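Predicted, not measured: the structure shown is a model, and the values here were computed from it. Each residue takes its place number in the sequence, starting with 1.
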Amino acid sequence: DWLARLADRADLITPHCLLAGVLGEEGGRARLLARLGPDAADPLDEVLNAALDHEARHPPSLQGFVHWLRRGGAEVKREAEGGGDAVRIMTVHGAKGLQAPIVVIPDVGGGQGRQEIRWAELDGVALPLWAPRKEFHAEAFTDVLAADDRRRQEEENRLLYVALTRAEDRLLVCGWGKEPKGWYALVRDGFMRLEDAVPADFSPWEFGAPAGCDFAEGACWQWATAQEAAVPLAAAVSAAARDPLPDWAHRPAPPEVLEAALNPSALPGERETPAAAPHGQADPGGRRFRRGRVVHALLQHLPERPAGERAAAARRFLARPGHGLAPDEQAEILTEVLALLDAPAVMAAFGTGSLAEAPVAGRLDGRLVTGQVDRLVVTPERVLVLDYKTNRPPPAEPGDVAPLYLRQMAAYRAVLRQAFPGRAVECALVWTYGARLMPLPGDLLDRHAPGMPAFGA
């Protein structure tokens, strides 16, 4: 009945809806994971993804989806888990790229198998060589055997290197029999060749091996340098118990609190509004802000172009219908911006090595201050900061600039003085209306610097 009901639904809904219903509403995912384990989650998700992909490419049909899936095949590729409460048993090839706190290499040995037929490359042609017994080993066959053994040993060494480098904390290399061979013998012989290595007794019982395990006491070895005497694990544990951890190690770490940053353009204590609100009574169409954004964009991007291309690029930008600028406004803005870029006083700020939209961050009076200046240039002698403002009409003298702007530039200057000690930090405002540069005197900024009464609460 259940299958018949699903078959009826398959005629009315897409394959993805059908599969999602079976896995979710019908409880299929929970039952499959309980039966197959958590490793089945990825294939289930990939089936749903494949159903969505099929619907995007073909008319939705369960029969068509199954045919498409069978014809194209499917292979789930996923990143191997970095850890988990489980013991993973895998080949060395499968362990590439993985690590684990404890790695056990159970080198139990194994024969290579008899191969009476070996393939040899002779004059570019692969030919089989057959020698059922040793007395039939001709010189050519012996050479092939030696080459095969050499390649096999090189591959064994590569696999051993991969296996030895998988452990994060402890590596156990195990052998089999009274005289272990293979990887165990290679590792043992390597330690024995070290002049400062000495053997130390090793007992599996120190690792909590249960009673009844068939371990030969002393059949395993661990190694320590001659400068460091080998200390049994039990003794090391007891020594750690006698030397307890400090008190702070047992206390939970205090919760991290994200520090609120102070933005110079929104300093506390600001009550004045130096510019009319967009689309307010003073500017119902918002033309001042639209003009300011256009000038701002030109001042940001034009300096990156060669001087001979700036005028043409600016004309194309200003003529875009989205700006809503009349031809006379376009010509006026173009003249003002190009004149500002060519002004000797600010030519360095728009030249090679200058930065647009430069982030600024530091601490003032213990508070984190972050912001962004419109233009920044750093030379071995000085630091020049430019900030664009859209007031219309702009003030004629620096003393008439709104205190909000002066506090903002004073904060930027204080942060940059910390970043570039010993260099003069100069600040200037660029009024986008008229594209006019206004340097700010140092004594004026001093009266609005952080820590001064004029800076605000």
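Counting heavy atoms from C-beta outward, L299 and Y388 have side chains that approach closer than 4.5 Å. Between L172 and I105, the closest side-chain pair of non-hydrogen atoms is not below 4.5 Å. Taking 4.5 Å as the limit, some side-chain heavy atom of V22 sits within range of a side-chain heavy atom of L6. Contact check for V173 versus L164: side-chain heavy atoms found under the 4.5 Å cut-off. In this structure the side chain of P15 never reaches within 4.5 angstrom of the side chain of S61, judged on heavy atoms. In this structure, the side chains of V295 and V337 come closer than 4.5 Å at one or more pairs of heavy atoms.
One distance of note links CG of L440 with CG of L429; it measures 4.5 Å at 0.5 Å rounding. We find the CZ-NZ distance between R188 and K181 to be 10.5 Å, quoted to the nearest 0.5 Å. Taking NE2 of H448 as the reference point, atom CZ of R413 lies at 11.5 Å (rounded to 0.5 Å). Note: L437 CG to L386 CG = 6.5 Å, rounded to the nearest 0.5 Å. A distance of 7.5 Å separates CG of L416 from SG of C427, quoted to the nearest 0.5 Å. To the nearest 0.5 angstrom, L406 atom CG is 11.5 Å from D446 atom CG.
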Would E357 and Q300 satisfy side chain to side chain contact (heavy atoms under 4.5 Å, CB included), going step by step from the backbone distance to the final call?
CA-CA 8 Å; E357 304 296 331; Q300 178 180 350; 3.6 Å; yes
Given N157 and Q153, is the side-chain hydrogen bond (donor to acceptor under 3.5 Å, both in side chains) satisfied, shown in steps?
CA-CA 6 Å; N157 293 340; Q153 188 59 48; 3.1 Å; yes
Set out, in order, the CA-CA distance, both residues' side-chain angles and the distance that settles side chain to side chain contact (heavy atoms under 4.5 Å, CB included) for E156 and R151, then state yes or no.
CA-CA 9 Å; E156 285 289 314; R151 285 192 296 268; over 6 Å; no
Between V360 and T370, does a side chain to side chain contact (heavy atoms under 4.5 Å, CB included) hold up when you go through it step by step?
CA-CA 6 Å; V360 175; T370 63; over 6 Å; no
Criterion salt bridge (Lys or Arg N to Asp or Glu O under 4.0 Å) on E426 and R382, from CA distance to verdict:
CA-CA 7 Å; E426 302 174 5; R382 68 167 185 162; 2.7 Å; yes
Show your reasoning for whether side-chain hydrogen bond (donor to acceptor under 3.5 Å, both in side chains) applies to Q408 and D387.
CA-CA 10 Å; Q408 177 184 352; D387 213 54; 3.3 Å; yes
What's the verdict on side chain to side chain contact (heavy atoms under 4.5 Å, CB included) for V373 and L355, showing C-alpha distance, side-chain angles and the deciding distance?
CA-CA 9 Å; V373 297; L355 301 175; over 6 Å; no
Checking salt bridge (Lys or Arg N to Asp or Glu O under 4.0 Å) for the pair D45/R29: CA distance, chi angles, key distance, verdict?
CA-CA 10 Å; D45 293 338; R29 175 182 289 272; 2.8 Å; yes
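I89 CD1: 12 or fewer foreign heavy atoms inside a 6.0 Å radius. Heavy atoms from other residues, nucleotides or ligands lying under 6.0 Å from CZ of R305 number 12 at most.
Considering all non-hydrogen atoms of both residues, L302 and A314 come closest at CD1-CB, 4.0 Å. Nearest approach of L69 to A50, heavy atoms of both residues: CD1-CB, 4.2 Å. Between A449 and A410, the shortest heavy-atom contact is CA-CB, 3.7 Å. Across all non-hydrogen atoms, the minimal contact from L19 to A51 is CD1-CB, 4.2 Å. G175 and P180 get closest at one heavy-atom pair: CA-CB, 3.7 Å. Here the closest heavy-atom approach between residue A411 and residue L364 is recorded as O-CD1, 3.9 Å.
Legend: residues meeting side-chain contact (heavy atoms from CB on, under 4.5 Å) with L159, ordered by chain and number and at least two apart, are V92, H93, E155, W183. H323 pairs by the ring pair (Phe, Tyr, Trp, His ring centres under 6.0 Å) definition with F317, not counting sequence neighbours. With sequence neighbours excluded, no residue forms a side chain to side chain donor-acceptor pair (under 3.5 Å) with R310. Not counting sequence neighbours, the partners of A10 by the side-chain contact (heavy atoms from CB on, under 4.5 Å) test are L18, L62. By the side chain to side chain donor-acceptor pair (under 3.5 Å) test, D1 is found to be paired with no residue, residues two or more places apart in sequence or in another chain being considered.
A salt bridge links D53 with R57: at least one charged nitrogen is closer than 4.0 Å to a carboxylate oxygen. The pair E26-R5 counts as a salt bridge, with a side-chain nitrogen and a carboxylate oxygen less than 4.0 angstrom apart. In summary, D189 and R193 do not engage in a salt bridge, as defined by a charged side-chain N under 4.0 Å from a carboxylate O.
Under the 30°/60° scheme for interplanar angles, the aromatic rings of H54 and F65 are found to stand perpendicular.
Put simply, the side chain of Q418 gets close to the backbone of R363: a donor and an acceptor are under 3.5 Å apart. R166 places a side-chain N or O within 3.5 Å of a backbone atom of L98 that can act as its donor or acceptor partner.
Residues in residues 6-17 take part in these side chain to side chain donor-acceptor pair (under 3.5 Å) pairs, two or more places apart or across chains: T14-E55.
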